[in-house]
Amino acid sequence: APPAPPPPPVEEGVRSQFLWLEHRVFHFGDAVAVHYENTPGNAFDWVTIVKRGAAPGEWGQWTYTGQPSGVHEVPAVAPGEYEARFYFDGSNDVQDRVEFRVVQ
C-alpha cells in the first residue's frame, strides 16, 4: 500500500502585545478562544471580538478580564473577517488587537 499522505499544514496562530489566538483562520462552528496575557489586570479591563474595521467604541461578545492572564471563549462565530480587541479599565480606547477570519 502507498504511504499515507502527509497531514495538512497547521495554520499558525497570531500573537500581539497582550492577545494571542491559536489560529489565524477558524472554521464556522469552532469556538474562538482569545487568550490574553501580561495585561495590567484591572478589574474592568475587557476583551471583545468585532468585525474587522469596526469603530473603536463598537463591541461584540465581550467580557471583563479582571486578571493579568486568561481566556475569553466565543462559541460559533459566523463566517467573516474579525478582530479580537483588548481595552484597559473600562475605556473605549483599543490597546491591542489581532485579526483573524472564520470560514465555512
Side-chain angles (χ1 to χ4, degrees):
V10 174
E11 182 74 33
E12 284 188 31
V14 59
R15 182 177 293 275
S16 60
Q17 182 178 0
F18 299 119
L19 300 173
W20 66 274
L21 303 172
E22 295 172 1
H23 309 285
R24 290 179 188 271
V25 178
F26 292 85
H27 290 92
F28 177 64
D30 293 343
V32 176
V34 179
H35 300 264
Y36 52 94
E37 59 187 18
N38 302 317
T39 71
N42 299 310
F44 298 108
D45 288 350
W46 59 291
V47 65
T48 189
I49 291 177
V50 296
K51 288 282 193 176
R52 185 176 299 163
E58 292 182 42
W59 62 88
Q61 293 186 30
W62 67 278
T63 191
Y64 288 123
T65 59
Q67 56 191 4
S69 298
V71 64
H72 170 53
E73 191 166 299
V74 180
V77 176
E81 304 285 324
Y82 293 91
E83 294 180 349
R85 294 179 176 175
F86 185 82
Y87 300 81
F88 288 159
D89 215 14
S91 80
N92 283 327
D93 297 324
V94 179
Q95 298 299 312
D96 196 15
R97 71 183 80 215
V98 292
E99 295 181 350
F100 67 97
R101 65 188 164 118
V102 177
V103 297
Q104 283 287 0

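You'll find the side chain of Val103 reaches within 4.5 Å of the side chain of Val25, heavy atoms only. A heavy-atom distance below 4.5 Å is not found between the side chains of Gln61 and Ile49. Val94 has its side chain within reach of Pro56: a pair of non-hydrogen atoms, C-beta onward, lies under 4.5 Å apart.
Here the closest heavy-atom approach between residue Ala43 and residue Asp89 is recorded as N-OD1, 4.4 Å. In terms of heavy atoms, Pro79 sits closest to Phe28 at CD-CD1, 3.6 Å. When all heavy atoms of Asn38 and Ser69 are compared, the closest pair comes out as N-OG, 3.6 Å. Taking each heavy atom of Thr63 and His72 in turn, the nearest pair found is CG2-ND1, 3.2 Å. Residue Pro68 comes nearest to Thr39 through the heavy atom pair O-OG1, 3.0 Å, listed as atom of the first residue, atom of the second, then distance. Nearest heavy atoms, Phe86 versus Pro40: CE2-CD, 4.4 Å.
Classified by interplanar angle (parallel below 30°, tilted 30° to 60°, perpendicular above 60°), the ring pair Phe100/Tyr82 is parallel.
Following chains of ILVMFWY side-chain contacts shorter than 4.5 Å, one cannot reach Phe44 starting from Tyr36, and the two form parts of different hydrophobic clusters. In terms of hydrophobic clustering, with Ile, Leu, Val, Met, Phe, Trp and Tyr side chains grouped at heavy-atom distances under 4.5 Å, Val50 and Leu19 are assigned to different clusters. Linking ILVMFWY residues whenever their side-chain heavy atoms come closer than 4.5 Å, directly or via other members, leaves Phe88 and Trp59 in distinct clusters.
The structure places CD of Glu37 at 11.0 Å from CD of Gln17, a figure rounded to the nearest 0.5 Å. Interatomic distance, NE2 of His27 versus CZ of Arg101, reported as 9.0 Å (0.5 Å rounding). If you take CD on Glu99 and OG on Ser16, they are separated by 10.5 Å, rounding to the nearest 0.5 Å.
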Go through it in stages, so that I can follow the logic: the residues are Tyr87 and Thr48, the test is side-chain contact (heavy atoms from CB on, under 4.5 Å), and I'd like the CA-CA distance, side-chain angles, deciding distance and then a yes or no. CA-CA 9 Å; Tyr87 300 81; Thr48 189; 3.7 Å; yes
Evaluate the side-chain contact (heavy atoms from CB on, under 4.5 Å) criterion for residues Trp46 and Asn92: first the C-alpha distance (whole Å), next the side-chain angles of each, then the deciding distance (0.1 Å), finally the verdict. CA-CA 10 Å; Trp46 59 291; Asn92 283 327; 3.6 Å; yes
Audit row: Trp62, Arg85, side-chain contact (heavy atoms from CB on, under 4.5 Å) steps and yes/no: CA-CA 9 Å; Trp62 67 278; Arg85 294 179 176 175; over 6 Å; no
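In this view, His35 and Trp20 satisfy the ring-ring contact (aromatic ring centres under 6.0 Å, His included) rule, not counting sequence neighbours. Residues that satisfy the salt bridge (Lys or Arg N to Asp or Glu O under 4.0 Å) test with Glu81, not counting sequence neighbours, are Arg52. Qualifying salt bridge (Lys or Arg N to Asp or Glu O under 4.0 Å) partners for Glu73, counting only residues two or more places apart in sequence or in other chains: none.
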